[in-house]
Protein chains: 2
Amino acid sequence: MSTPLNGSVLKAFSILGLFSKARPEITANTVASELGTNVATAHRFLLTLEAAGALVSYRRGCFALGGTIEELGRLAESVNPIATKVQPIINEVSRDIRESVMVCRLGRRGPTCIAVAVSDQPISVKVDVGTVLPIDVTAHGKLWLAHMSKPDQSNWLKDTTQDLKDALTKIKAQGFALNQGDNEPDLGAVAVPVYGDDGKLSMTISVFGMLSRFNAPLIERSVASLTHAAKAIGA
Amino acid sequence: MSTPLNGSVLKAFSILGLFSKARPEITANTVASELGTNVATAHRFLLTLEAAGALVSYRRGCFALGGTIEELGRLAESVNPIATKVQPIINEVSRDIRESVMVCRLGRRGPTCIAVAVSDQPISVKVDVGTVLPIDVTAHGKLWLAHMSKPDQSNWLKDTTQDLKDALTKIKAQGFALNQGDNEPDLGAVAVPVYGDDGKLSMTISVFGMLSRFNAPLIERSVASLTHAAKAIGA
DNA sequence: CCTCCCAATCTCAATTTTTGAGATATTAAT
DNA sequence: ATTAATATCTCAAAAATTGAGATTGGGAGG
C-alpha cells in the first residue's frame, strides 16, 4: 500500500510497545531514551495516551497501561472466537508432538498468526500472536500460495521461479508444506491446510521448532496430528 | 494539565472505541459516519493502526482488532495483579449484598476504577474499568479527600466549603463515606478505605447501585461486608 | 524545616505533518 | 464486458506538531 501513514499514531504504539512484565511503568525519560524522541514530545504522547485511557498515572511522571487497553484486549479476545476455539486443539497437538504449534489466517500483509501453543519443553521456539510471516519461504505461506490461482500468486510474488511453481504443485498434491530453514536458518516447520465449509482454505496450522528436530518421524507424526486437528477446527 | 495533546492519537483511540461485540469489524465508511471524519483520513488511520498491529484486515476495506491489542490487553491484566487479586473478593461482596461493587485507586485525574463486580440482579448499575470519578461528590472521592492533608485537599478542590470540611471529618471518624445522589441523582454508594502496609490509604472499595435501595439496613450490611473485604485486600 | 538538584511539565515560533477534494483502482453485480 | 459502488491513492493547502528553553514541583540531604 502507498498511503502515507500517520506518524503520530505509529509513535504512540511504539510507546505502548515499551511496556512489558519487566517494565510495567514508564516515564518520559524511558520513552526518550528507548525511542530517541525529545523528552517534551515523549511527555506529550504519554499525556495524550492517558487522556485516551490507554495509560493511567498513579505517580507523577509514571505511566502504566490503563483500562482502555484492558477493555480492548478483552474485546479483541471475545470477538475473535476462532482463537478461543482453536486454542485447546493446538494445545493438544503441542502436548502430543512436544513442539510449538500455531494457526494462521491470510491477512493483507501475509499469513498472520492468530493462535499459538508454545511447547512445554525447557527450550523451544515461540512466536507472537499477530506476527506476519513471509509468504514465500514459510510453510504457512507456501500452503496459501499453493491454493491460489496464478494471478493471485503473481500479486503476492515479485517473480515466480519454476522451482517454486513445482514446489507449490507438490505441496497441493501432498497436502502439507515444509519449511526446512528457508525462513530462519535453524527453524523448521510443517503446516497443513484447514478448509472452511465452502471448501476453501480458511486457515493453516503448523508444528514449528528447531530445525534439528525435524527429522522424518517427527514430520510424519506432525502431519498426522495436524491433519486430525485441522478436521476438528474446520468442523 | 495544559500541555496540548496529540490530536492524531486521540482520533486513533476514538476509532478503536468504535469496536464492540456488536461491531467486531469496521470500515473507513464506519469511521467517517460515526466520527464525522473524511473518508480518506479515516482510511489512512485504519491503515496506520493496521501497520501498528492494532488492527488486522482479512477482507478488503474491513478491519478487526489485531494481535497488538490482545497482547497489550493481556499485559495490562498481568502487570496489574491488584485487579486479579481483588476480583474474587469483590465478586463475593457483590453476591453477598446483591449490588455492584468497585475498587478505585487515586489517579492523577481522580479516583479511577480498577475492578468491578456487577450485580447479578436483572436490573443494576454498572461502571467501566478505567472510569475516573469526580472527587468531591462521590463516596470514593470523599474518602480520598478525608485522608488527605489540607494542602492536598486544596489542590484537588477549587473551594472547600465548611460543610464539606465537616463532612470529611465525619467520614474519617466513622470509617466510611456515602454518596446519596450527590453525583448522579439516582445513584447511591457506600465506600470504605483499604489501607496498605504503610498504613496509608491505597484503595477504596464501594457498593453502589440505585439510590432507592440504599436504606439503613443495606448501608449497615454493606459497610460490614466491605470492611471485611478491605482487610482481605489489604493483607 | 530549608535548600538544592533533578525530573516533570509547559510554552510558542519554527518546522513538519496531516488533511481532504478529487482522481484512480478494484471488486462485484448485471 | 460494462457499470456502479467502494476502496485506495495523490499532493497542494491547511493545520498540527515539535523541541529548545523556561518554569514548576517533588524528593533528598543537611
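In what follows, every heavy atom counts, from backbone to side chain, and hydrogens, waters and symmetry copies are set aside. A, B, ... follow the sequence lines: proteins, then strands. Residue 1 opens every chain.
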#### Entry: d(CG, A/L35; P, D/dG19) in whole Å
13 Å
Give each protein N/O atom lying under 3.5 Å from an N/O atom of nucleotides 23-25 of chain D, with the pair distance.
unit_1: D/dG25; atom_1: O4'; unit_2: A/R60; atom_2: NH2; d: 3.3

### Message
Nearest 0.5 angstrom please: B/L65 CG to B/L16 CG, how far?
### Response
6.5 Å
#### Entry: Spacing of CG belonging to B/N6 relative to NZ belonging to B/K11, to within rounding of 0.5 Å
10.0 Å
### Bend angle of the helix from C/dC1-D/dG30 to C/dT30-D/dA1, from helix axes over five pairs at each end, nearest 10°
60°
### Message
From CG of B/L10 over to C1' of D/dT17, roughly how many Å is that when rounded to an integer?
### Response
13 Å
#### Entry: A/C104 to A/W144 - nearest heavy-atom pair and separation
O-CZ2, 4.1 Å
### Query
Should A/T3 be listed as having a side-chain N or O under 4.0 Å from OP1 or OP2 of D/dT8?
no
Interface polar pairs with nucleotides 13-21 of chain C, N/O, under 3.5 angstrom:
unit_1: C/dT18; atom_1: OP1; unit_2: A/N6; atom_2: OD1; d: 3.1
unit_1: C/dT18; atom_1: OP1; unit_2: A/G7; atom_2: N; d: 2.9
unit_1: C/dT18; atom_1: OP1; unit_2: A/S8; atom_2: N; d: 3.2
unit_1: C/dT19; atom_1: OP1; unit_2: B/K11; atom_2: NZ; d: 3.3
unit_1: C/dG20; atom_1: OP2; unit_2: B/T41; atom_2: OG1; d: 3.1
unit_1: C/dG20; atom_1: N7; unit_2: B/R44; atom_2: NH2; d: 3.1
unit_1: C/dG20; atom_1: O6; unit_2: B/R44; atom_2: NH2; d: 2.6
unit_1: C/dA21; atom_1: OP2; unit_2: B/N38; atom_2: ND2; d: 3.2

### Message
Rounding to an integer number of Å, can you tell me how far A/L46 CG sits from C/dA8 C1'?
### Response
11 Å
### Query
What are the two closest heavy atoms between A/L201 and A/P193, and how far apart are they?
CD1-CB, 3.2 Å
### Query
What is the minimum heavy-atom distance between B/S57 and B/E50, and which atoms define it?
CB-OE2, 3.5 Å
### Message
If I compare all heavy atoms of B/L178 with all of B/K142, which pair ends up nearest, and what's the gap?
### Response
O-NZ, 2.9 Å
### A/H147, NE2: over 12 other non-hydrogen atoms inside 6.0 angstrom
yes
### Query
For the atom pair NZ (A/K170) and CZ (A/F176), what is the distance rounded to the nearest 0.5 Å?
7.5 Å
## Note on the structure
Value for CD1 (B/I114) from CE (B/M203), rounded to nearest 0.5 Å, stands at 5.5 Å
### Query
OP1 or OP2 of D/dT8 less than 4.0 angstrom from a side-chain nitrogen or oxygen of B/H43, does that happen here?
yes
### Query
If every non-hydrogen atom of B/L18 is compared with every non-hydrogen atom of B/R23, which pair is closest and at what distance?
O-NE, 3.1 Å
### Message
Among B/I26, B/L10, B/T48, B/T37, exactly one meets side chain to side chain contact (heavy atoms under 4.5 Å, CB included) together with B/I15. Which residue is that?
### Response
B/I26
